[in-house]
Undergrad: 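Below is one structure. I have some questions about it.
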Amino acid sequence: MTEPIVTRFAPSPTGFLHIGGARTALFNWLYARSRGGRMLLRIEDTDRERSTKAAIDAILEGLHWLGLEWDGEAVYQFSRAARHQEVVQELLDSGNAYRCYATPAELEEMRERARAEGRSMRYDGRWRDRDSSEAPAGAKPVIRLKAPTAGETVIEDQVQGRVVWQNKDLDDLVLLRSDGTPTYMLAVVVDDHDMGVTHIIRGDDHLTNGARQKQIYEALGWPIPVMAHIPLIHGPDGAKLSKRHGALGVDAYRAMGYLPIAMRNYLVRLGWAHGDQEIFSTEEMINAFDLPQIGRSPARFDFAKLESLNGHYIRQSKDEDLVEEIIRVLPHIADGAELAAKMTPNLKAKLIAAMPGLKERAKTLIELIDGARYLYADRPLVLEEKAGALLTPEARKLLASLARELATIQPWTAEATEQAVRTFAESNGVKLGAVAQPLRAALTGRTTSPGIFDVLAVLGKEESLGRLADQSA
RNA sequence: GUCCCCAUCGUCUAGAGGCCUAGGACGGCGCCCUCUCACGGCGCAAACCGGGGUUCGAAUCCCCGUGGGGACGCCA
């Protein structure tokens with residue numbers, strides 16, 4: 001038997017869980033689930049200045065919402081500082097690390113000069129072979145890795161393939177800051193090792209870090225995890241994702257009315273494909289997912305496709321489930337409280353009854369809520385501009401006489417009302433649309449509602465006639 | 001500047017030397033369905049970045065160019 005797979009998602013809580021992070025989490029989750037392994041969660045909060053509780057909560061909640069559950073307790077990196085320092089001492093003892101007394105100003109000047117002379121801006125190793133006794137009195141050193149200066153560092157990446165760096169191009173990175181706290185580069189290696197992580201799947205902005213981290217693993221004599229660096233997601237314009245396009249927190253996508261299952265389906269197809277298949281159930285995704293099939297070029301974020309997928313899943317959802325989703329999203333959207341306050345069992349039943357007619361034409365939960373407005377809006381109904389235009393004096397007269405016709409209908413069904421309206425239009429010598437459209441406007445206040453016969457059925461005889469009376473008076 | 005990665009329709013992608021007059025999906029356009037809007041059905045337009053090789057044969061392999069992207073912090 002092969003060893004169990006352990007993946008991890010390791011966000012830094014300096015902001016919300018953005019779309020790229022969500023995809024990274026999804027890939028880690030899928031990989032672990034597909035091989036019967038585990039996905040761990042580690043919060044990289046060693047930057048005390050920028051890490052916030054709010055960001056941690058947003059990340060945790062975002063993962064929950066997306067249905068990406070991790071295994072075990074979340075690990076907080078900051079709490080492991082003592083262990084990190086212990087490992088650095090080991091490195092110091094084995095001669096794989098050294099104290100560097102160069103000041104920030106000195107380093108800044110060094111980079112400045114390198115830039116001016118067109119050389120790479122690496123640390124030049126000025127304290128690599130100097131003794132601490134040469135240090136200025138009272139100076140607090142950083143600890144740097146004594147990285148190899150010759151040969152090469154190679155990563156056999158599951159996505160990128162074999163990537164080679166000349167060691168002379170890699171400098172001696174800082175392991176411990178002058179205040180004694182560990183840097184990200186060191187903490188990641190120690191934590192991944194201690195947590196038993198076997199596969200590191202992360203954004204390809206970490207590819208160079210991968211090489212540097214491999215040097216730390218080698219200095220420590222630890223086994224190196226399998227790495228997979230996935231391409232970043234770009235905005236519609238091909239540039240780095242900014243707030244303007246897709247770099248919103250996942251909570252923003254929830255607020256826009258997207259379903260978790262649609263998000264997962266959209267995200268998994270960004271940079272990954274399984275033949276021509278577009279729609280994946282979660283189970284299918286898990287079964288088909290693999291690292292080498294991930295493309296190496298960055299993908300652009302496309303709202304239109306996300307929306308199309310979301311529409312697909314809305315249409316496919318059960319009516320009851322959709323109403324539950326609506327209720328669940330209410331606290332997260334503007335004006336949601338208003339509807340939430342009106343959510344009686346009666347309204348809920350009406351919403352469920354209206355779903356079949358509504359879900360065919362909604363791409364988001366928001367559109368669904370909007371389309372159902374005729375069920376919960378205060379009366380008198382406020383008409384949309386276009387709807388108002390439809391209710392000409394002639395149309396109102398027509399509707400008034402239609403109301404008298406409808407009042408005689410015996411079993412109030414969609415079929416019966418349709419028959420009555422058609423007959424009415426015919427006997428008045430007008431097209432069905434000439435009656436149906438003003439009727440929709442009068443009953444729903446809008447022009448693009450569901451089929452008017454569905455509306456009549458859902459509202460019921462009494463309410464339908466009441467509203468007709470309101471608008472045709 | 002140095003190092004690294006990438007390059008098929010507008011977008012996501014299929015394609016692992018002949019199956020490609022390059023396939024699917026989203027978007028666009030047209031037609032059908034139809035009480036509106038959608039859904040659904042049918043159809044159309046739309047791509048192998050450029051140049052050299054290798055080969056009987058290249059979207060697929062190699063090199064160069066060009067164009068994108070990422071990394072070069074006592075941030076993560």
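Letters go in sequence order (proteins before strands), and every chain restarts at 1.
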Undergrad: Look through every strand shown and name the nucleotide pairing with B:rC9 as Watson-Crick or G-U wobble, where both distances are under 3.5 Å.
TA: none
Undergrad: Given B:rC6, B:rG73, B:rC26, identify the nucleotide with an atom nearest to the side chain of A:Arg111.
TA: B:rG73
Undergrad: Go ahead and name the base partner of B:rU21; Watson-Crick or wobble counts if both distances stay under 3.5 Å, otherwise write none.
TA: none
Undergrad: Considering only B:rG24, B:rC5, B:rU2, which nucleotide approaches the side chain of A:Lys305 most closely?
TA: B:rG24
Undergrad: Across the strands shown, which category fits A:Gly451 at heavy-atom distances under 4.0 angstrom: base, sugar-phosphate, nothing?
TA: base
Undergrad: Is A:Lys305 paired with A:Glu278 through a side-chain N to carboxylate O contact shorter than 4.0 Å?
TA: yes
Undergrad: Would you mind telling me which residue lines up with the more 5' stretch of RNA chain B, A:Gln166 or A:Ser449, judged by nearest nucleotide?
TA: A:Gln166
Undergrad: Whether the side chain of A:Arg361 and the base of B:rC37 hold a donor-acceptor pair under 3.5 Å is what I'd like checked.
TA: yes
Undergrad: What is the base-pairing partner of B:rA16, counting Watson-Crick and G-U wobble geometry with both distances under 3.5 Å?
TA: none
Undergrad: Which nucleotide in the set B:rA76, B:rU13, B:rC39 lies at the smallest distance from any side-chain heavy atom of A:Arg269?
TA: B:rU13
Undergrad: What does A:Tyr266 touch in the nucleic acid at a heavy-atom separation under 4.0 angstrom: a base, only the sugar-phosphate, or nothing?
TA: nothing
Undergrad: Identify each atom pair where a protein N or O and an N or O of nucleotides 64-71 of chain B are less than 3.5 Å apart, giving names and distance.
TA:
{"unit_1": "B:rA71", "atom_1": "O2'", "unit_2": "A:Thr208", "atom_2": "OG1", "d": "3.4"}

